[in-house]
Protein chains: 2
Amino acid sequence: MEQTPSCRVETALEILTGKWKPSILLELITHDTLRFSELKRHLPNITQKMLTAQLRELELNDIVHREIYQVVPPRVEYSLTDYGKTLIPVLHAINAWGEKHVDHLAQKEMLQETTASSASDSF
Amino acid sequence: MEQTPSCRVETALEILTGKWKPSILLELITHDTLRFSELKRHLPNITQKMLTAQLRELELNDIVHREIYQVVPPRVEYSLTDYGKTLIPVLHAINAWGEKHVDHLAQKEMLQETTASSASDSF
DNA sequence: TGGTATAGTATCCTAAACGATACCACGAAG
DNA sequence: CTTCGTGGTATCGTTTAGGATACTATACCA
């Protein structure tokens with residue numbers, strides 16, 4: 001990384017950021033293939049507009065595949081592309097650090113409480 | 001990751017996202033310690049307000065350390081905390097994927113151009 | 001004839017991120 | 001007595017992300 005600008009990090013983060021993208025990716029990782037309505041059911045608070053928008057961005061970046069069945073009512077299935085699956089280890093790394101971070105914050109809070117209580121002890 | 005919700009990914013991404021945070025982290029990784037004004041010189045397009053804001057957020061999350069020297073004119077030095085350094089391998093992973101992604105996009109474009117030219121050949 | 005389900009669009013609005021610019025305190029140097 | 005450099009704040013405006021809501025096409029089913 002030393003000789004490359006940070007823009008590769010930013011390139012990757014552009015694909016991952018977006019309020020719903022990690023959740024969508026997780027769903028597709030664990031369920032393999034999901035219809036639009038199934039995704040929506042798994043993500044109770046997302047609006048249709050956002051789900052469409054985030055899926056379109058992921059599709060543009062070749063992360064997810066969109067399979068349309070010409071039936072009525074419509075049936076559209078989403079899944080990770082092979083290329084999209086190369087993101088999985090990266091997501092694991094990010095997730096693992098996130099877990100460590102939650103622990104770290106908890107430790108910091110404990111320290112503060114200890115300090116606070118010991119401070120109140122001395123008063 | 002299968003049993004944990006994607007929120008740990010989101011937790012981690014919250015710390016990394018922000019228009020300037022990857023660049024700031026890269027500077028601190030490669031230069032170890034930098035004054036406020038040095039950081040600003042390395043990041044020509046950042047405003048003072050944004051640099052301050054992003055550094056404060058990183059400091060709150062215990063990623064960077066802020067050392068104030070009580071002199072005039074002021075001297076403030078920023079560096080990664082030991083904990084902040086645990087982000088380095090994660091950043092490397094993200095960066096490596098970002099590099100692959102740039103290649104991937106280039107290949108897709110080449111394919112499209114080939115398709116386009118072969119299509120124009122057949123006309 | 002009218003209701004239902006699916007996978008969307010279209011329109012409008014709010015909130016948050018980001019940016020431009022001006023201002024400040026302080027002591028040292030001239 | 002003024003100017004300079006540093007590391008900031010404060011204020012305002014713009015731009016972008018996200019959200020709420022309403023609307024659509026279509027075939028099937030009753």
Side-chain angles (χ1 to χ4, degrees), chain A residues 6-7 9-28 31 33-61 63-80, chain B residues 6-7 9-28 31 33-61 63-80:
Chain A
S6 68
C7 67
V9 174
E10 283 157 14
T11 300
L13 287 182
E14 268 176 36
I15 285 159
L16 262 17
T17 58
K19 189 163 172 189
W20 299 98
K21 285 192 197 145
S23 313
I24 291 171
L25 292 174
L26 179 68
E27 290 299 325
L28 292 178
H31 294 91
T33 296
L34 287 172
R35 302 180 57 165
F36 186 86
S37 54
E38 290 172 322
L39 269 169
K40 193 163 177 324
R41 267 191 289 277
H42 284 94
L43 274 32
N45 295 322
I46 198 172
T47 63
Q48 230 154 342
K49 175 190 159 187
M50 283 309 294
L51 182 52
T52 305
Q54 307 273 294
L55 284 169
R56 286 295 187 287
E57 285 178 35
L58 290 169
E59 192 193 357
L60 255 176
N61 284 305
I63 308 297
V64 310
H65 172 67
R66 179 166 174 252
E67 183 78 31
I68 306 165
Y69 297 88
Q70 289 292 358
V71 294
V72 80
R75 175 183 192 90
V76 181
E77 288 185 350
Y78 292 90
S79 55
L80 287 180
Chain B
S6 68
C7 69
V9 174
E10 284 157 13
T11 301
L13 287 182
E14 267 176 36
I15 285 159
L16 261 17
T17 58
K19 190 164 172 188
W20 299 98
K21 285 193 196 144
S23 314
I24 291 172
L25 291 174
L26 179 68
E27 290 300 323
L28 292 179
H31 294 92
T33 296
L34 287 172
R35 303 181 55 164
F36 184 87
S37 54
E38 290 172 322
L39 268 170
K40 193 163 178 322
R41 266 190 290 277
H42 285 92
L43 274 29
N45 294 322
I46 200 172
T47 62
Q48 228 155 340
K49 175 190 158 187
M50 283 310 295
L51 183 52
T52 305
Q54 308 273 292
L55 285 169
R56 286 295 189 287
E57 284 179 35
L58 291 170
E59 192 192 357
L60 255 177
N61 284 304
I63 308 296
V64 311
H65 172 68
R66 179 163 174 255
E67 182 78 33
I68 306 163
Y69 298 87
Q70 290 290 2
V71 294
V72 80
R75 174 182 194 92
V76 180
E77 288 185 350
Y78 292 91
S79 56
L80 288 181

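Given the structure is predicted, the values throughout are model-derived calculations rather than measurements. The sequence lines fix the lettering, A, B, ..., with proteins before strands; numbering per chain opens at 1.
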At less than 4.0 Å, is any side-chain N or O atom of [X] found next to OP1 or OP2 of [N]? Yes or no.
| X | N | value |
| --- | --- | --- |
| A/R75 | C/dA7 | no |
| A/R66 | C/dG8 | yes |
| A/T52 | C/dG8 | no |

[atom1] of [X] versus [atom2] of [N]: gap in Å, rounded?
| X | N | atom1 | atom2 | value |
| --- | --- | --- | --- | --- |
| A/L51 | C/dG8 | CG | C1' | 10 Å |
| A/Q70 | C/dT6 | CD | P | 17 Å |
| A/E38 | C/dT6 | CD | P | 10 Å |

Going by salt bridge (charged side-chain N to carboxylate O under 4.0 Å, His left out), name the pairs with one or both residues in residues 64-80 of chain A, residues two or more places apart or in two chains. A/R75-A/E77
Validation row: A/L25, A/I63 side chains within 4.5 angstrom (heavy atoms):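 Sidechains of A/I63 and A/L25: in contact.
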List the steps and the verdict of side chain to side chain contact (heavy atoms under 4.5 Å, CB included) for A/E10 and B/S23. CA-CA 9 Å; A/E10 283 157 14; B/S23 314; 3.1 Å; yes
To 10°, what angle do the rotation axes through the five end pairs on each side of the helix from C/dT1-D/dA30 to C/dG30-D/dC1 form?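 Taking five pairs per end, the axes differ by 30°.
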Among B/L39, B/L58, B/L34, which one satisfies side chain to side chain contact (heavy atoms under 4.5 Å, CB included) with B/Y78? B/L39
Spacing of B/L80 atom CG and B/T33 atom OG1 [to the nearest 0.5 Å]: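 Going from the CG atom of B/L80 to the OG1 atom of B/T33 covers 8.5 Å.
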With a 4.0 Å heavy-atom cut-off, tell me which residues in residues 53-61 of chain B come close to DNA chain D, sorted by residue number.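 When residues 53-61 of chain B is checked for heavy atoms under 4.0 Å from DNA chain D, the hits, listed by number, are B/R56.
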Excluding sequence neighbours, so at least two apart, what forms side chain to side chain donor-acceptor pair (under 3.5 Å) with B/H31? B/E27
Polar atom pairs (N or O), protein with nucleotides 19-23 of chain C, under 3.5 Å:
{"unit_1": "C/dG19", "atom_1": "OP1", "unit_2": "B/K19", "atom_2": "NZ", "d": "2.3"}
{"unit_1": "C/dG19", "atom_1": "OP2", "unit_2": "B/W20", "atom_2": "NE1", "d": "3.2"}
{"unit_1": "C/dG19", "atom_1": "N7", "unit_2": "B/K49", "atom_2": "NZ", "d": "3.1"}
{"unit_1": "C/dG19", "atom_1": "O6", "unit_2": "B/K49", "atom_2": "NZ", "d": "2.1"}

So, for A/G18 and A/P22, which heavy atoms are closest and what is the spacing to 0.1 Å? O-CD, 3.5 Å
Please produce a list of atom pairs where a protein N or O lies less than 3.5 Å from an N or O of nucleotides 24-30 of chain C.
none

Using the heavy-atom set of chain B and a strict 4.0 Å cut-off, write down the first and last nucleotide of DNA chain D that makes it in, 5' to 3'.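 From 5' to 3', the first and last contacting nucleotides are D/dG5 to D/dT11.
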When all nucleic acid strands are considered with a 4.0 Å heavy-atom cut-off, which category describes A/Y78: base, sugar-phosphate, or nothing? sugar-phosphate
Below 3.5 Å, can you tabulate the donor-acceptor pairs from side chains in residues 45-57 of chain A to any protein atom, sequence neighbours excluded?
{"unit_1": "A/T47", "atom_1": "OG1", "unit_2": "A/M50", "atom_2": "N", "d": "3.2"}
{"unit_1": "A/T52", "atom_1": "OG1", "unit_2": "A/Q48", "atom_2": "O", "d": "2.9"}
{"unit_1": "A/Q54", "atom_1": "OE1", "unit_2": "A/W20", "atom_2": "N", "d": "3.4"}
{"unit_1": "A/E57", "atom_1": "OE1", "unit_2": "A/K21", "atom_2": "NZ", "d": "2.7"}

Could you go through A/V9 and B/L26, starting from their C-alpha distance and side-chain angles, then the distance that decides it, and tell me whether this counts as side chain to side chain contact (heavy atoms under 4.5 Å, CB included)? CA-CA 10 Å; A/V9 174; B/L26 179 68; over 6 Å; no
